[in-house]
Amino acid sequence: METIQNFINGQVIESNTDRFSPVYNPATGEQTRQVVLSTRSDVKSAIEMAQAAFPRWAKTPPLRRARVMFKFKSLLEANQDTLARMISNEHGKVYSDAVGELTRGLEVVEFACGIPHLQKGESSANVGSGVDSHSIMQPLGVCAGITPFNFPAMVPMWMFPIAIATGNTFVLKPSKKNPSLSLMLAELLKEAGLPDGVFNVVNGDKEAVDVLLTDPRVQAVSFVGSTPIAEYIYTTASANGKRCQALGGAKNHCILMPDADLEMANNAIVGAGFGAAGERCMALSVVVAVGDEIADKLVSSLTKSIDTMTVGPGITEGKENDMGPVISAVHRDKILGYINSGVDQGAKLVVDGRDCQVSGHENGYFVGPTLFDDVSPDMTIYQEEIFGPVLSIVRAPDYQTALNLINQHQYGNGSAIFTRDGETARQFSEDVLAGMVGVNVPIPVPMAFHSFGGWKRSIFGPLNVHGNDGVRFYTRMKTVTTRWPASVRLETHSSHFTMPTME
Ligand code: NAD
């Protein structure tokens with residue numbers, strides 16, 4: 001059984017742990033590898049190496065750091081097939097979706113290639129007579145990333161390309177459920193010319209995370225995962241004096257207005273609800289249909305669309321499946337528990353995905369696409385994040401009731417509206433309490449040069465990931481005010497005891 005180790009100071013380093021976690025292929029249910037659960041001393045040694053590499057890397061000209069990113073980008077492209085297969089084998093998502101995830105990560109690398117421009121700071125000449133002012137955006141030091149299972153490539157790449165390009169060093173703690181990809185990324189960064197110690201990977205669980213949250217050498221922590229853990233990470237990192245951004249869970253709603261293009265909305269809703277088996281933080285889990293007429297039509301068209309969907313392994317010889325398995329047996333059972341609770345609490349189960357058999361993959365963790373109608377806000381399936389292929393339809397009498405539902409929900413990651421009316425769309429974009437908004441776009445994931453993040457209990461901390469917020473997060477501003485006397489001889493110097501103001 002292959003054991004996945006750590007990557008510290010430019011090489012694979014064996015952990016001194018006696019704790020391991022199994023890694024499965026979710027499509028077959030077979031254990032394929034095991035991963036080390038690092039000890040405190042493993043993590044300390046990664047931080048030490050990152051700390052040692054920092055001064056030199058921080059002083060490396062941004063253009064040279066950007067060139068490493070350019071090379072890394074071309075290596076990601078050259079190795080796309082291997083990386084996508086690895087994602088699919090350990091996560092379960094279908095191959096083309098794994099390629100899509102890699103592309104979204106690659107776009108952040110492309111953004112980081114522009115770091116000499118992004119990190120220029122600001123400058124003002126003559127802020128006073130003969131006085132100039134400029135700001136420098138300096139790196140922080142050792143930064144840590146703690147990432148979830150659902151995007152083993154994209155979410156780490158939301159973080160480390162910008163952290164590294166701005167001159168920091170990085171310790172990544174990926175999900176123990178699919179850790180292999182992070183080590184592959186570490187090898188590619190090395191091949192791209194990144195100096196040893198700048199990027200390190202430690203595998204593990206809470207024991208490893210707690211070292212990253214408390215060690216005084218770690219300056220900043222980026223976290224993406226479930227909300228209870230995000231709260232813990234944010235509180236602990238902040239209490240230990242660290243800068244922190246912690247992105248949590250979601251319950252993404254869309255409003256379907258009576259004037260929407262139903263065919264377009266239906267296709268968008270099917271893809272956004274069931275793509276990646278609903279294991280996306282931007283997956284659509286609730287459709288609020290305004291009026292019974294459009295709700296009835298939607299239920300009927302969704303039922304037909306779901307009927308044509310294929311569920312199976314992420315990698316196939318012939319035609320690709322629409323949806324793969326979920327991540328683990330435990331998670332499958334949790335999703336089935338939610339479906340049972342929906343039935344028990346009175347929602348109408350229109351399509352039942354509970355008994356999903358995939359021939360030749362009897363031990364895989366499959367849940368079929370599931371559709372509920374007549375869901376009400378007091379039901380558990382409405383209130384909680386299911387993180388599986390379960391779509392709920394809530395019926396609302398009017399737009400305002402639909403908007404109020406979204407605004408009262410504990411989460412506020414993505415939200416969308418389907419309508420042909422520009423004024424309604426504009427009003428929705430203005431009034432909805434969510435960080436990312438789509439107008440006739442079901443998964444409004446911002447591009448790398450914008451920033452990604454939700455509102456309410458979907459994020460803790462003031463700065464989002466990537467885009468300008470990402471650059472801000474991984475740098476600190478220093479503002480320098482300069483006066484060069486024309487000549488020391490000519491100037492009469494005297495002390496001033498009032499608050500300096502510019503003349
Ligand atoms: P998770 O919270 O279980 O794990 C995330 C990370 O935290 C992992 O690295 C894990 O090892 C670590 N962790 C888990 N328990 C911990 C503990 N007690 N103490 C310290 N660290 C701990 O999340 P997951 O199941 O891997 O991922 C799914 C969740 O991530 C969903 O809730 C999803 O919405 C969320 N997510 C959010 C976004 C976003 O941008 N908001 C993006 C992707 C995923």
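Both ligands and their constituent atoms are indexed starting at 1 by order of listing. Residue numbers count from 1 along this sequence.
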> Below the 3.5 angstrom mark, is there an N/O of Ser226, backbone or side chain, next to an N/O of ligand 1?
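So ligand 1 has an N or O lying under 3.5 Å from an N or O of Ser226.
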> Please identify which atoms of ligand 1 are closer than 4.0 Å to at least one heavy atom of Lys173.
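The atoms of ligand 1 under 4.0 Å from a heavy atom of Lys173 are 8 (C), 9 (O), 10 (C), 11 (O).
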> Is it the case that over 12 heavy atoms from other parts of the model lie below 6.0 angstrom from the CZ atom of Arg217?
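Yes, the 6.0 Å shell around CZ holds more than 12 heavy atoms from other groups.
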> In the protein, which heavy atom is nearest to atom 22 (C) of ligand 1, and how far is it?
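Protein heavy atom at minimum distance: Ile229 CG2, 3.6 Å.
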> Which of the atoms of ligand 1 are close to Asn150, meaning less than 4.0 Å from one of its heavy atoms?
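Contacts of ligand 1 toward Asn150, numbered from 1: 43 (C), 44 (C).
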> For atom 26 (O) of ligand 1, what is the closest protein heavy atom, and at what distance to 0.1 Å?
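For atom 26 (O) of ligand 1, the nearest protein heavy atom comes out as Phe149 N, 3.0 Å.
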> Can you label the angle between the Phe387 ring and the Phe149 ring as parallel, tilted or perpendicular, going by 30° and 60°?
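If you compare the ring of Phe387 with that of Phe149, the planes turn out perpendicular.
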> Would you say atom 4 (O) of ligand 1 touches the protein, meaning some protein heavy atom is under 4.0 Å from it?
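So far as the 4.0 Å threshold goes, atom 4 (O) of ligand 1 is out of reach of every protein heavy atom.
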> Is any N or O atom of Lys206, backbone or side chain, closer than 3.5 Å to an N or O atom of ligand 1?
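No; every N/O pair is 3.5 Å or more apart.
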> Is it the case that ligand 1 has an N or O less than 3.5 angstrom from some N or O of Cys281?
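For ligand 1, there is no N or O atom that lies under 3.5 Å from one belonging to Cys281.
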> For ligand 1, note which part of Ile459 has a heavy atom under 4.0 Å away: side chain, backbone, both or neither.
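Neither; no heavy atom under 4.0 Å.
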> To which protein heavy atom is atom 7 (O) of ligand 1 closest, and what is the distance rounded to 0.1 Å?
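Going by distance alone, atom 7 (O) of ligand 1 is nearest to Phe223 CE1, 3.3 Å.
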> Taking non-hydrogen atoms only, is Trp158 closer than 4.0 angstrom to ligand 1 via side chain, backbone, both or neither?
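Under 4.0 Å from ligand 1, Trp158 contributes side-chain atoms alone.
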> Could you walk me through whether Asp97 and Arg280 pass the salt bridge (charged side-chain N to carboxylate O under 4.0 Å, His left out) test, one step at a time?
CA-CA 11 Å; Asp97 195 28; Arg280 291 180 182 141; 3.0 Å; yes
> Mind checking ring pair (Phe, Tyr, Trp, His ring centres under 6.0 Å) for His361 and listing every partner two or more places apart, or none if nothing turns up?
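Testing His361 for ring pair (Phe, Tyr, Trp, His ring centres under 6.0 Å), a comparison that skips the adjacent residues, returns none.
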> Which residue supplies the protein heavy atom nearest to atom 27 (O) of ligand 1, what is that atom called, and how far is it?
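Answer, as residue, atom name and distance: Pro148 CB, 3.2 Å.
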> How far is atom 20 (C) of ligand 1 from its nearest protein heavy atom, and which residue and atom is that?
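I find the closest protein heavy atom is Val209 CG1, 3.6 Å.
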> What residue and atom, counting heavy atoms only, is the protein's closest point to atom 9 (O) of ligand 1, and at what distance?
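The protein heavy atom lying closest is Thr147 O, 2.8 Å.
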> Does the side chain of Tyr24 come within less than 4.5 Å of Tyr365's, by heavy atoms?
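Heavy-atom side-chain distance check passes, below 4.5 Å.
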> Should Leu405 and Val394 count as side-chain neighbours, where that means a heavy-atom distance under 4.5 Å?
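Touching, per the 4.5 Å side-chain cut-off.
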> Can you list the ligand 1 atoms lying under 4.0 Å from a non-hydrogen atom of Ile146?
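Here the atoms of ligand 1 in question are 6 (C), 7 (O), 9 (O).
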> Is the distance between the ring centroids of His409 and Tyr382 less than 6.0 Å?
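Yes, ring centres under 6.0 Å apart.
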> Within less than 4.0 angstrom of ligand 1, does Gly248 place any heavy atom?
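Checking ligand 1 against Gly248, which is what was asked, there is a heavy-atom contact under 4.0 Å.
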> Decide, yes or no, whether a salt bridge links Arg40 with Asp210 under the criterion of side-chain N to carboxylate O below 4.0 Å.
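Salt bridge flag = no for Asp210 with Arg40.
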> Can you check whether Glu385 has an N/O within less than 3.5 Å of an N/O in ligand 1?
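Yes.
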> Can you confirm whether Val288 sits close enough to Leu256 that some side-chain heavy atom of one is under 4.5 Å from a side-chain heavy atom of the other?
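Heavy-atom side-chain distance check fails, nothing below 4.5 Å.
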> Does any N or O of ligand 1 fall below 3.5 Å from an N or O anywhere on Asp205, backbone included?
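Between Asp205 and ligand 1, no N or O pair is found under 3.5 Å apart.
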> I want to check something: taking the side chain as every heavy atom from C-beta on, are Asn6 and Val12 in contact at a cut-off of under 4.5 Å?
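No, side chains not in contact.
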> Which residue holds the protein heavy atom closest to atom 35 (C) of ligand 1, what is that atom called, and what is the gap in Å?
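Result for atom 35 (C) of ligand 1: Gly225 O, 3.1 Å.
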> Please verify whether a non-hydrogen atom of Lys176 lies at under 4.0 Å from ligand 1.
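Lys176 does not count as a contact of ligand 1 under the 4.0 Å cut-off.
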> Does any non-hydrogen side-chain atom of Lys251 lie less than 4.5 Å from one of Val286?
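Val286 vs Lys251: side chains touch.
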> Kindly assign one of parallel, tilted or perpendicular to the pair Trp158 and Phe452, based on the angle between their ring planes and the thresholds 30° and 60°.
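The rings of Trp158 and Phe452 sit tilted, inter-plane angle from 30° to 60°.
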> List the closest protein heavy-atom neighbour of atom 40 (O) of ligand 1: residue, atom name, distance to the nearest 0.1 Å.
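Answer, as residue, atom name and distance: Phe452 CE2, 3.0 Å.
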> Flag the pair Val218 / Lys242 as yes when at least one side-chain heavy-atom distance between them is below 4.5 Å, and no otherwise.
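In short, these two side chains touch, coming nearer than 4.5 Å.
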